[in-house]
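To start, the structure under review is shown below, and the notes come after it.
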Amino acid sequence: MSLFKKKTSKYASQPVPPPPVEEIHNQSNGVDNNNGQKTQLVFHCQQAQGSPLGLISGFANVKELYQKIAECYDFPPEDILFCTLNSHKVDMKKLLGGQIGLEDFIFAHRKGRPKEIEIVKTEDSLGLTITDNGAGYSFIKRIKEDSIVSRIPHIEVGDHIERLEGESMVGKRHYEVAKLLKEIPLGTTFTIRLVEPLKSGFGSIGPKSGSARSGKKSYGSGKETLRFKANGQATIENEHDDKSKAGIEKINELLESFMGINDTELATQMWDLAEGKTNSMQLADAIDNSDLQEFGFTDEFIIELWGAITDARSGRLS
């Protein structure tokens, strides 16, 4: 049954704030909270380019979330490039990753115009940071200033990398796409096919803070988050403290520096994996015995990673 909820106007220019957390805790959905109880979570959603308001629930990972959004609005889930939280803009600082705040508002960015661009690789680095949506689409998260790509006006942050030299990139992880781009020989001319997010026609849509309803503070102000786990389960957990946040952010910077990717979920997994470890060898063993071993991290990276973790634990990054 669709959870779609229409407003009286064709488009919801000012989304209604999500209900307070206590209003949705007494239903059953299969999501575990901190007490091991089942909790029903209902999130408000809109299409980023403008749409009526939707209510989304009953998902335990990103792919299931996309499926629920697609069912709500009656379009294929493959149309969704990525989602942002609390902003309809293509804001890479607000990407939905491995967790959602219980009061966050979800905006779905759909496929827009495709474009094929020919690039000459005149430098070793193209200047791209790549991430992915957790459901098979890699896209551009950052473009380095004064890089090859920064001088091509048709390439923009948020563009999905669909094909590279005719080969489909759909279904590949961001690090696989980054590796293929890095391996292109210097001086080579290659073609990349991108798909940009559907452009917004509504400058006024987006959540407003200070709503009069229920005395809520603002969007995203909750301290609990819905965390997606690698085993396909979702749990409600308390937000990371300041030291943890600083450590995760630093790990993400290392991932970008060493691998040209950006992945808060991966950085968080590394931070959590380091819990209880007292040296870099223990961390390396933990990574080798986890699903992270497929990344093939170098010894140099592990040493830098351990340095960032110890700096964060001691408060030197806060």
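Just so we're clear, the structure is a prediction, and the values are computed from it rather than from any experiment.
- Linking ILVMFWY residues whenever their side-chain heavy atoms come closer than 4.5 Å, directly or via other members, leaves I130 and L292 in distinct clusters.
- Contact of the Q47 side chain with the R110 side chain is registered, since non-hydrogen atoms from C-beta on lie closer than 4.5 Å.
- Between F295 and Y175, the ring-plane angle classifies as tilted under the 30° and 60° cut-offs.
- No donor-acceptor pair under 3.5 Å is formed between the side chain of D132 and the backbone N or O of A135.
- Listed by first and then second residue, the salt bridge (Lys or Arg N to Asp or Glu O under 4.0 Å) pairs involving residues 273-289 amount to none (not counting sequence neighbours).
- Nearest heavy-atom pair, E265 versus G97, reported as atom, atom and distance to 0.1 Å: OE1-C, 4.5 Å.
- Cluster annotation: V157 is connected to M169 through the hydrophobic network of ILVMFWY side chains, with a link wherever side-chain heavy atoms come within less than 4.5 Å.
- Using a 4.5 Å heavy-atom cutoff, the side chains of I119 and I184 are not in contact.
- Put simply, OG1 on T131 and CG on L95 are 6.5 Å apart, with the number rounded to the nearest 0.5 Å.
- Proximity of a side-chain donor or acceptor of K68 to a complementary backbone N or O of L55 within less than 3.5 Å is not detected.
- Here CG of L283 is found 8.5 Å from CE of M270. Values are rounded to the nearest 0.5 Å.
- Connection of I161 to I261 is not established within any shared hydrophobic cluster, with ILVMFWY side chains joined at heavy-atom distances below 4.5 Å, either directly or through further cluster members.
- When all heavy atoms are compared, the tightest approach of H154 to D159 is O-OD2, 3.8 Å.
- When hydrophobic residues (I, L, V, M, F, W, Y) are linked wherever their side-chain heavy atoms come within less than 4.5 Å, M281 remains an isolated member.
- Shortest non-hydrogen contact noted between I287 and S290 is O-OG, 2.9 Å.
- Put simply, CG on N133 and SG on C83 are 8.5 Å apart, with the number rounded to the nearest 0.5 Å.
- Between N252 and W271 there is no side-chain heavy-atom pair separated by less than 4.5 Å.
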| request: Would you please test Q282 and N279 for side chain to side chain contact (heavy atoms under 4.5 Å, CB included) and show each step? | output: CA-CA 6 Å; Q282 290 180 0; N279 57 58; 3.4 Å; yes

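- Evaluated for a side chain to side chain donor-acceptor pair (under 3.5 Å) with T84, the options K89, H109, K93 yield exactly one hit, H109.
- Applying the ring-ring contact (aromatic ring centres under 6.0 Å, His included) test between F43 and each of F59, F107, F105 identifies F59 as the sole match.
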Acceptor/donor pairs from residues 185-198 side chains to any protein atom, 3.5 angstrom cut, sequence neighbours excluded:
{"unit_1": "T188", "atom_1": "OG1", "unit_2": "P185", "atom_2": "O", "d": "2.8"}
{"unit_1": "R193", "atom_1": "NE", "unit_2": "E162", "atom_2": "OE1", "d": "2.4"}
{"unit_1": "E196", "atom_1": "OE1", "unit_2": "R113", "atom_2": "NH2", "d": "3.3"}
{"unit_1": "E196", "atom_1": "OE1", "unit_2": "K115", "atom_2": "NZ", "d": "3.1"}

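- Under a 3.5 Å cut-off, the side chain of K250 and the backbone N or O of A312 do not form any donor-acceptor pair.
- Between the NZ atom of K245 and the CG atom of D242 there is a distance of 6.0 Å, given to the nearest 0.5 Å.
- When all heavy atoms are compared, the tightest approach of R313 to K243 is O-NZ, 3.4 Å.
- No chain of hydrophobic side-chain contacts below 4.5 Å, direct or via other Ile, Leu, Val, Met, Phe, Trp or Tyr residues, connects I248 to L317.
- Residues A70 and P76 approach most closely at CB-C, 3.9 Å, considering heavy atoms.
- Checking T264, D291, D263 one by one against Q269, the side chain to side chain donor-acceptor pair (under 3.5 Å) holds for a single residue, D291.
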Can you give each donor-acceptor pair under 3.5 Å made by side-chain atoms of residues 142-149, sequence neighbours left out, with the distance rounded to 0.1 Å?
{"unit_1": "R142", "atom_1": "NH1", "unit_2": "E256", "atom_2": "OE1", "d": "2.3"}
{"unit_1": "R142", "atom_1": "NH1", "unit_2": "E256", "atom_2": "OE2", "d": "3.0"}
{"unit_1": "D146", "atom_1": "OD1", "unit_2": "R151", "atom_2": "NH1", "d": "3.3"}
{"unit_1": "S147", "atom_1": "OG", "unit_2": "K144", "atom_2": "O", "d": "2.6"}
{"unit_1": "S147", "atom_1": "OG", "unit_2": "S150", "atom_2": "N", "d": "3.3"}

| request: Show your working on side chain to side chain contact (heavy atoms under 4.5 Å, CB included) between I140 and E156 and close with a plain yes or no. | output: CA-CA 7 Å; I140 299 169; E156 299 175 319; over 6 Å; no

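- Open room surrounds NZ on K63; 12 or fewer heavy atoms of other groups in view lie less than 6.0 Å from it.
- Residues passing the side chain to side chain contact (heavy atoms under 4.5 Å, CB included) test with S314 are R316, sequence neighbours excluded.
- Summarising the local packing, CG of D299 is surrounded by 12 or fewer heavy atoms from other residues, nucleotides or ligands at distances under 6.0 Å.
- No side-chain heavy atom of V177 sits less than 4.5 Å from a side-chain heavy atom of L164.
- In this structure, CZ in F297 is found 14.5 Å from CD1 in I303, a value given to the nearest 0.5 Å.
- Residue pairs meeting the ring-ring contact (aromatic ring centres under 6.0 Å, His included) criterion with at least one partner in residues 130-149, sequence neighbours excluded, are F82-F139, Y137-H160.
- From I152, atom CD1 reaches atom CD of E118 across 10.0 Å, with rounding to the nearest 0.5 Å.
- Ring orientation note: the planes of F258 and F301 are nearly perpendicular, at an angle over 60° on the 30°/60° scale.
- Under the 4.5 Å side-chain heavy-atom criterion for grouping Ile, Leu, Val, Met, Phe, Trp and Tyr, Y73 is connected to L96 within one hydrophobic cluster.
- In this structure, I302 and S280 approach most closely via the heavy-atom pair CG2-O, 4.0 Å.
- For CD of E249, the number of neighbouring non-hydrogen atoms (other residues, nucleotides, ligands) closer than 6.0 Å is 12 at most.
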